[in-house]
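Here the structure is laid out as structure tokens; the discussion comes afterwards.
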Amino acid sequence: MKKINFAKIEKKWQGRWAKAKCFQVKEGKKKKYYVLEMYPYPSASGLHMGHAFNYTIGDVYARFKRMNGFNVLYPMGFDSFGLPAENAAIKAKSHPKKFTEKAISNYVKQMKELGLSYDWSRLIMSHKPDYYKWDQWIFLQMLKKGLVYKKESPVNWCPKCRTVLANEQVHNGKCEYHGDTDVQIKHLNQWYLKITDYAEELNNFKRLEGWPDEIKKLQKNWIGKSYGTDIYFKLYGTNKLLPSFTTRCDTIYSVTFLAIAPEHPLLNELVRGVKDEKKIKDFAQKLARESLADRVNEEKVKKGIFTGKYALNPVNNEKIPIYVTNFALMYGSGIVMCDAHDKRDFRFAKKYKIPLKFVISKDGRKVDANKSAEAYVDDGILFNSGKFSSMKNKEALPKMANWLEKNRWGKKVINYKLKDWLISRQRFWGTPIPIVYCDKCGVVPVPESQLPVKLPDTVKLGKGNPLKTTLSFINTKCPKCKGKAKRETDTMDTFVNSSWYYLRYCDPKNKRAIFDKKKAGYWVPVDMYIGGREHACMHLIYIRFYTKFLRDIGLLKINEPALRLFNQGMLHGPDGEKMSKSKGNVVLPEQVSKKYGIDTARLFLVSLASPDKDIDWSEKGIQGSLKFIKKVIIYFNKVKVKKSSARIESKVNKVILEITDDIENLRYNLAVIKIRGLFDSFEKEREIGKKDLESFLKMFSVFCPHIAEELWSGVGEKEFVSLSDWPVADEKKINKKFEREEEILSITVNDIINIKRLAMIKKPKAYIYHLSGETNLFRNNKDFLSTASGAIVVPFAVNDKKKHDPEGKSKKAKAGKPAIYLE
RNA sequence: GCGGAGAUACCGAAGCGGUCAAACGGGACAGGUUUAGGACCUGUUGGCUCAGUGCCUUCAGAGGUUCGAAUCCUCUUCUCCGCACCA
């Protein structure tokens, strides 16, 4: 056979789909289905096979739903703000926009070559002013609702990114993008979104049945809801209360000192006038400057200094020293009560010779902590704990919390690990924060009518934030008093852009509103959201937050952005490692499709394993897919289109049911196996009915759309297979009898071959003796048995008097298992 | 430390109480076909037995539940991945 010209076929159908606007959709009466893949950052290096894998998963699903009669919204866009483009622009002394748009056009071209059925008329790009205008608009709406504030506080600063980072972007004290760089703590005046107002609702996962448990657990962990008590220690000699959050109020009688975070806003006031004021402050500053990695590291010895001040334990009025320590973070109240029942507190106390007291032991017997070498962290029985002595500490805990509250020594509180979202970035390539500073009027939001605040087209990129030196950007008029004013130069975190993009797809060209409520109302929520697990604690929390906010201002009626979330696996390089340029194991779709055709690649990616599993690219593996596709093409070129046997009809209809179910549940690998199996059955038949051939092509088309279109037109169809109706199984035609017969035949073939080998007869005659009820089966399939087994098959019924049976084998025949004699 | 996912024949990967020596693909091997093939077709691929229908040992390891377990339970080992001085 001639070599298949994949490129020609692909180009042809991509062109026809585009021309016929096959995949463009409008709101309508039909039931909608919204398939969405997380939109990518358009990196300069373009798409690799891993992206192709990801988008193929969505494309198969979109095609499947479309053929099943849904009005399918399947859009694509680009998360096109971000540091890499800016850094590239700095290097090349150019503008990031240039880089970004070049990368995007490259991406679009590549995506089209993958045969993805996007509605390109809805393309969005977050770096475009008509998109980020609405980032700014949402910011202003949040401001109105009191969900935006600016505050000076200690923030994470990455010296390499030269910007602050959100908590979510700091991992183990290192920058997410620069794993080798410690994040520094800086005190800066920054903009925050009050996501914590939604902490409680975000922690409710009841409406996310369609999301993987894994993701929900990660989010729950991240939100970190904990029940505890704020205990009010009185600053000695004053009436000032120092609240200290604890989940272990059962150890209150064990407390022998307080620890305060070095960056605590109260610290300056606290040490004012004490003997070593300067020394303490300097030390605290030193501690605060330590990298989070060091402070968070379990192995490093903790440091601290006595503040010279004391506090009173409310339950027993004991006077206890207050220390500044690096292990106290600005979590909870930033003040920690410390006792002998915590490893870290214990070690610290030993180091600084602070006395310790145990109040729990295994059996309730009194134990002296100062004589112990380590903390007692297990549960046990309380002692020296007032009226709670001799109770189990676990049981006493809730009672003690109530008791503290009743005596006004404390208050039961719920604490979240989730913090407000710091969105300020000191970089150029992001959405400008729509704020103006006026000497007279102070902080003034830019009025909606003046949006968007656009990024300047000409800037001097270089050190620091170029907006700071672009006078045409900074200098403006105060919207209130029309006097001279300066613009905010910080831009927004790019995660802001991706927090609502799925809504803009519903109405991407709207100039007057963020989106039309009716249109969005038709399309949202997303029915199938596809993306990586790594977004569990960032994007997927933010997008939920934005959805809830937009609901609360009346724009949406939904509570969650997506009904179903699917985390695809990662495609590794042939070496089993994560694909990366530096490792040199990146596989490019262009190379692959040139050699094998893109449909072959799609089929291979999807048949290797379940799509949620990580897989390794394999040059060898793809050969199997190529072989199959070739066979299909050859077959369709010579198939006799007539009428299917009842056996084939049974098989087709059975397999339709199975494949439909498999694809619905994203078990593409199993669906492909069944498609292959169906094809194998076709090949064994002399002729096939058109309807069955078409059912095959339809199912095949979601995986291999170009080849399917080609063959579809080959069987005389004028319309697109991509827009045809998914086959419906005629269950009446499914007959188990045929399966059983097929099984009998294949066992018989195996048996003949087996005996042939053992008897070492090359081209034997095979006399088979079947029970009399199976006469038709064996007679009708005599030819099939002969070709398949490589013997000349002569069937006899057991009771046939004229049968040739020199060794009396026919006695061995069983139902479905004929006896065999070779010669 | 806490939390999650997993361990299946040479490899990848289905199976998730009986129909399981375990789908399917890759590889390897054998045979056929062909001028020749890395192309195509057919078969084999746990062990034993053998002119096929049989038997035995397997699904990380050890126990257990059951008439019956790759599948359910318990513990152990190993791998991967999140979170982590969270008070």
Side-chain angles (χ1 to χ4, degrees), chain A residues 1 171-173 212-218 220-222 224 226 228-229 231 244-249 251 258-259 261 292 294-300 302 325-339 341-345 347-348 377 415-417 533-534 536-537 570 576 604 607-610 612-616 618-625 627-628 630-631 634 667 669-670 672-674 676-677 680 683 743 747-764 766 787-790 807 809 812-814 816-823:
Chain A
M1 180 201 157
H171 299 285
N172 283 323
D213 290 338
E214 186 190 352
I215 298 293
K216 288 186 268 189
K217 278 193 181 128
L218 286 169
K220 197 169 185 162
N221 212 316
W222 185 261
S226 63
T229 311
I231 298 181
S244 159
F245 177 76
T246 181
T247 53
R248 287 292 306 274
C249 67
T251 62
L258 286 189
L292 210 61
D294 283 349
R295 288 174 66 177
V296 155
N297 189 323
E298 227 171 57
E299 303 310 314
K300 301 242 168 149
K302 302 309 164 199
T325 69
N326 56 348
F327 71 79
L329 307 176
M330 277 312 294
Y331 165 79
S333 64
I335 298 171
V336 192
M337 61 177 227
C338 299
D339 55 70
H341 294 289
D342 179 284
K343 265 188 197 162
R344 181 198 49 211
D345 296 354
R347 274 191 230 146
F348 185 87
V377 293
N415 213 319
Y416 298 94
K417 223 167 71 177
R533 273 172 268 268
E534 68 275 18
C537 296
M570 202 192 289
F604 169 62
S607 51
L608 199 60
S610 161
D612 58 335
K613 294 239 165 88
D614 291 351
I615 54 175
D616 298 342
S618 129
E619 191 79 21
K620 270 188 180 159
I622 197 173
Q623 306 283 355
S625 302
K627 230 198 273 185
F628 176 66
K630 275 189 182 171
K631 275 203 286 190
I634 291 170
R667 297 185 298 248
N669 52 331
L670 302 185
V672 169
I673 286 168
K674 282 158 199 160
R676 278 172 175 259
D680 288 347
E683 278 194 307
E743 203 182 321
I747 288 172
T748 308
V749 168
N750 281 352
D751 287 345
I752 297 173
I753 288 168
N754 215 341
I755 301 169
K756 206 173 88 175
R757 205 186 60 235
L758 291 167
M760 296 200 290
I761 310 172
K762 276 216 165 168
K763 277 212 153 174
T787 15
S789 67
E807 293 191 6
K809 294 275 184 197
K812 287 191 175 178
K814 288 181 191 170
K817 190 95 181 162
I820 299 165
Y821 171 69
L822 297 196
E823 68 176 21

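Below, chains carry the letters A, B, ... as their sequence lines are ordered, and counting in each starts from 1.
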Between B/C59 and B/A9, how far is it from one P atom to the other, in whole Å? 10 Å

For A/Leu329 and B/C86, what is the distance between atoms CG and C1' respectively, to the nearest whole Å? 8 Å

Under 4.0 Å, counting only non-hydrogen atoms across every strand here, what does A/Ala536 touch: a base, just sugar-phosphate, or nothing? nothing

How many Å lie between CD1 on A/Ile752 and C1' on B/U44, as a whole number? 17 Å

Sugar-phosphate or base contact per nucleotide [nucleotides 2-14 of chain B; S, B, -; heavy atom under 4.0 Å]: --S--------SS

Taken to the nearest whole Å, CD/A/Glu619 to C1'/B/G27 is 15 Å

Straight-line distance of A/Phe348 CZ to A/Asn326 CG, nearest 0.5 Å: 7.5 Å

Test item: A/Pro818 and A/Thr748 side chains (from C-beta on) under 4.5 Å apart, heavy atoms: yes

Do the non-hydrogen side-chain atoms of A/Ile820 and A/Ile752 ever get within less than 4.5 Å of each other? yes

A/Lys674 NZ - B/A23 P separation (whole Å): 14 Å

Among B/A87, B/C83, B/A51, find the nucleotide with the atom closest to the side chain of A/Phe245. B/A87

Can you check the distance between B/C81 and B/A87, where both ends of the measurement are the P atom (answer in whole Å)? 26 Å

Flag, side chain of A/Thr246 to backbone of A/Arg248, donor-acceptor distance under 3.5 Å: yes

Any donor-acceptor pair under 3.5 Å linking the side chain of A/Ser244 with the backbone of A/Ile335? yes

Please report, rounded to the nearest Å, how far the C1' atom of B/A39 is from the NZ atom of A/Lys631. 13 Å

When you compare B/U49 with B/C55, how far apart are their C1' atoms, in angstrom units rounded to a whole number? 8 Å

Would a 4.5 Å heavy-atom cut-off, applied to side chains only, mark A/Lys631 and A/Glu683 as touching? yes

A/Trp222 side chain, from C-beta outward: closest of B/A87, B/G27, B/C83: B/C83

Candidate nucleotides B/C86, B/A51, B/G26, ranked by approach to the side chain of A/Lys417 - the nearest: B/C86

Picking from B/G27, B/C41, B/C40, the nucleotide nearest the side-chain atoms of A/Lys627 would be B/C40

Is there a side-chain contact between A/Lys613 and A/Asn669 in this structure, where contact means two heavy atoms from C-beta onward sitting under 4.5 Å apart? no

For the P atoms, the ones on B/U76 and on B/G12, what distance do you get once it is rounded to whole angstrom? 27 Å

One should report the stems of RNA chain B, each a stretch of at least three consecutive Watson-Crick or G-U pairs at distances under 3.5 Å, as B:1-7 with B:77-83, B:10-12 with B:24-26, B:27-32 with B:40-45, B:46-48 with B:54-56, B:60-64 with B:72-76

B/C24 C1' sits how many Å from A/Phe628 CZ, rounded? 12 Å

What is the distance, to the nearest angstrom, from the CD atom on A/Gln623 to the P atom on B/G27? 7 Å

Rounded to whole angstrom, note down the C1' distance from B/A30 over to B/C20. 26 Å

When the C1' atoms of B/A22 and B/U77 are compared, how many Å lie between them, rounded to an integer? 25 Å

With a 4.5 Å limit on heavy-atom distance, are the side chains of A/Ser226 and A/Phe245 in contact? yes

A/Thr251 versus A/Asp339, side-chain donor and acceptor atoms under 3.5 Å: yes

Students often get this wrong, so: under 4.0 angstrom with heavy atoms, is A/Gly224 touching a base, only sugar-phosphate, or nothing? nothing

What integer number of Å spans the C1' atoms of B/U42 and B/G47? 25 Å

Toward the 5' end of RNA chain B, which comes first, A/Ala261 or A/Arg667, by nearest nucleotide? A/Arg667

Check whether any side-chain N or O of A/Lys417 sits under 3.5 Å from a backbone N or O of A/Asn221 as a donor-acceptor pair, and report yes or no. yes

Expressed as a whole number of Å, how far does the C1' atom of B/C2 sit from that of B/G15? 33 Å

Please work out if A/Ala259 contacts a base, only the sugar-phosphate, or nothing of the nucleic acid, heavy-atom cut-off 4.0 Å. nothing

Once you apply a heavy-atom cut-off of 4.0 Å, does A/Pro818 come out as touching a base, just sugar-phosphate, or nothing? base

How would you list, by chain and number, every residue that makes a side chain to side chain contact (heavy atoms under 4.5 Å, CB included) with A/Lys216, sequence neighbours excluded? A/Phe205, A/Leu208, A/Trp211, A/Asp213

Taking for each residue the nucleotide of RNA chain B bearing the nearest heavy atom, is the 5' side occupied by A/Arg676 or by A/Asp342? A/Arg676

